[in-house]
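One structure is given here, and the rest of the page talks about it.
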Amino acid sequence: MAIRKMGKASFAHIMDATARIQIYVRLDQVGEDAYAVFKLLDIGDIIGVEGEVMTTKTGEITIVVARLELLTKNLRPLPIVKEKEEDGQKITYDAFADTEARYRQRYVDLVVNRAVMDVFRKRSQIISAMRDYLDGRGYLEVETPVLQPIYGGATARPFITHHNALDMRLYMRIADELYLKRLIVGGYDGVYEISKDFRNEGIDRTHNPEFTMMELYVAYKDYNFMMQLVEEMVNVIAQKVLGTSRITYQGSEIDLTPPWPRLPLFAAIEKYAGINLYGMAVDELKATAKELHVEIEDFWGAGKIIDEIFANKVEAHLIQPVFICDYPVELSPLAKRHRENPKLVERFEPYIAGREIGNAFSELNDPLDQRDRFDSQMKLKEAGDEEAQVLDDDFLRALEYGMPPTAGLGMGIDRLIMLLTDQASIRDVIFFPTMRPEKQ
RNA sequence: GAGGGCGUAGCUCAGCUAGGUAGAGCAGCGGCCUUUUAAGCCGUCGGUCCUGGGUUCGAUUCCCGGCGCCCUCACCA
């Protein structure tokens, strides 16, 4: 948007959600009153124009305005972003760049920084493409409770709230998992949910307290099936929204074309840290962590230490898509034991650009084993692990009625969108990221 | 939670380790201008220099505390 006013004829650019075009306003065409109104316009005012289209002597398509109407007058000046094209390069002057102002006043950010609007348009297209893909395979989109008397399905601290009429504590969900699996018990063979989860954790460029998660559960399938689904789905989405499987994320070229390699967790650690942790006792693991300069807490169990070493030594190397699979059982209280090794579970996490974008497993459907796993979690909680999972009696009761073998998946949608839109911060893919309240 | 950086006009920034209570461009306002495109020219308005304290004759500038934002690390998706 820009206005170039002159005495009796002026140029301006008008813009809507899709494009901008130049208008040419002449005193002798619109009349004195309309021209007077035009001269009072500010950038950000909303107008309607009618007129013929012409090409100016510099070759720009331009509307010669015959009628001009002011639709909305603004009272606050819009930050002016000036652009100049030089040798095909677009130079921007006076950009509205203050990140705090951009996040707090996203409406201004969207108006002024049009590229931001495109990122969010892609966000919408990515989610639509995902729905299309899942719907096309016959999976049913469902909704489960956000307010839960017992939170579960992930290791995280919850937000706590209170219901007045029932006078009871409720938690904002940290995951959809346990309710969706109840629906599998109920007999659906494929359900998914795309919705907000809430975790009472720190905020950084890959974490927002409320974030969008997609969870999918498919009966009579296992984690191998789910790996194929993930690599295919992500690639299909990229093809549909971006038209390519080759993307660039923060300078790294990434090829999403399936199949993605499968790399067992212990093999990955051995590959990048040079040590095979498999079979090590807790003391041995603690010593190894120290040697590798990985900081750990005293109360941590073997699984957590392994996870920490992995996070510190391996994650950053996983730029191209890869499935890290077969995690230690202690880390995954809801996953089924590995068919070949009961100390492991059939679980995988897809990594792209050094970042985990999901988590999946063959779901644990043995109610007795599940009860044991919950018991182990409760012990961790007593030992001081605030994020350990809580026993859910009704969920166990559901499993006791019989859940078929099931494959489950959770995907962080915001992170997938960051990846596909090449955004460095989760705050650049969430319209209104969580911020401290503005001080008056 | 720890470390680092930043916070000056509506926007983008300068001034600040040579302390004398602020400046540019754009926007706004008033003029001139019938093919401009970062339009131009003339004039003009605009600031608790984030906040509270300290040092000082005097602080936007130096020191300390606070608040906010960003980055890195830690926890997690």
Side-chain angles (χ1 to χ4, degrees), chain A residues 1-13 20-30 35 39-44 54-60 62 64 74-86 90-105 108 112-113 153-158 174-175 196-215 294-297 300 304 307-308 311-312 349-351 355-359 385-387 410-416 418 424-427 433 435-440:
Chain A
M1 290 177 291
I3 309 180
R4 294 175 288 280
K5 292 174 193 171
M6 287 173 283
K8 289 175 183 151
S10 303
F11 290 89
H13 276 96
R20 63 165 62 188
I21 190 168
Q22 181 166 264
I23 61 172
Y24 181 38
V25 184
R26 293 172 58 119
L27 174 63
D28 58 11
Q29 292 270 325
V30 298
Y35 199 77
K39 293 195 76 170
L40 288 171
L41 289 180
D42 297 308
I43 287 176
M54 67 150 187
T55 305
T56 64
K57 70 179 182 190
T58 54
E60 181 160 354
T62 300
V64 183
N74 71 12
L75 296 181
R76 288 177 187 270
L78 212 54
I80 309 295
V81 179
K82 299 249 176 188
E83 285 169 351
K84 183 185 184 180
E85 289 211 29
E86 216 164 71
K90 207 176 232 181
I91 305 168
T92 303
Y93 298 82
D94 299 340
F96 179 65
D98 179 69
T99 46
E100 182 178 356
R102 287 185 47 223
Y103 296 147
R104 287 194 193 281
Q105 294 180 264
V108 176
V112 161
N113 297 323
T155 48
R157 281 163 29 197
I174 58 172
K196 290 279 183 72
D197 285 352
F198 308 86
R199 297 190 184 174
N200 211 335
E201 311 273 357
I203 296 174
D204 65 26
R205 73 183 196 289
T206 58
H207 298 266
N208 196 64
E210 58 177 291
F211 62 102
T212 302
M213 179 82 114
M214 190 281 285
E215 288 196 33
V294 174
E295 284 183 37
I296 54 166
E297 302 283 345
W300 286 5
K304 184 95 172 172
D307 194 40
E308 192 64 19
N312 274 274
E349 297 195 335
Y351 275 85
R355 201 170 284 158
E356 177 190 347
I357 62 158
N359 184 20
D385 187 348
E386 285 187 69
E387 293 175 347
M411 275 195 109
I413 297 301
D414 308 286
R415 289 186 180 178
L416 179 67
M418 287 169 67
S425 172
I426 198 167
R427 298 178 149 199
M435 311 267 288
R436 275 203 175 74
E438 209 169 348
K439 238 173 79 178
Q440 287 301 324

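Chain A is the first sequence line, chain B the second, and so forth, proteins listed ahead of strands; every chain is numbered from 1. Keep in mind that this is a model prediction, so the values were computed, not measured.
Applying the salt bridge (Lys or Arg N to Asp or Glu O under 4.0 Å) test to A:Lys82 and every residue at least two apart in sequence or in another chain returns nothing. For A:Glu83, there are no side chain to side chain donor-acceptor pair (under 3.5 Å) partners at least two apart in sequence or on another chain. Partners of A:Phe211 by ring pair (Phe, Tyr, Trp, His ring centres under 6.0 Å), not counting sequence neighbours: none found. Not counting sequence neighbours, the partners of A:Arg102 by the salt bridge (Lys or Arg N to Asp or Glu O under 4.0 Å) test are A:Asp109, A:Asp428. Residues satisfying the side chain to side chain donor-acceptor pair (under 3.5 Å) test with A:Arg205, not counting sequence neighbours, are none. A search for side chain to side chain donor-acceptor pair (under 3.5 Å) contacts involving A:Glu356 returns nothing, not counting sequence neighbours. By the ring pair (Phe, Tyr, Trp, His ring centres under 6.0 Å) test, A:Phe96 pairs with no residue at all, sequence neighbours left out. Checked against side-chain contact (heavy atoms from CB on, under 4.5 Å), A:Arg157 has the following partners two or more places apart in sequence or in another chain: A:Asn200, A:Glu201, A:Glu386, A:Glu387. Taking A:Asp98 as the reference, nothing meets the side chain to side chain donor-acceptor pair (under 3.5 Å) condition, with sequence neighbours excluded.
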Any protein N or O atoms within reach of nucleotides 41-45 of chain B? Criterion: under 3.5 Å, listing atom names and distances.
none

What's touching nucleotides 6-9 of chain B from the protein side, N or O pairs under 3.5 Å?
none

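Within 4.0 Å of A:Asn208, counting heavy atoms only, lies at least one base atom of the nucleic acid.
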Practice item. Report, as a single string ordered 5' to 3', how protein heavy atoms within less than 4.0 Å touch nucleotides 23-31 of chain B: B base, S sugar-phosphate only, - not at all. Key: --BSSSS--

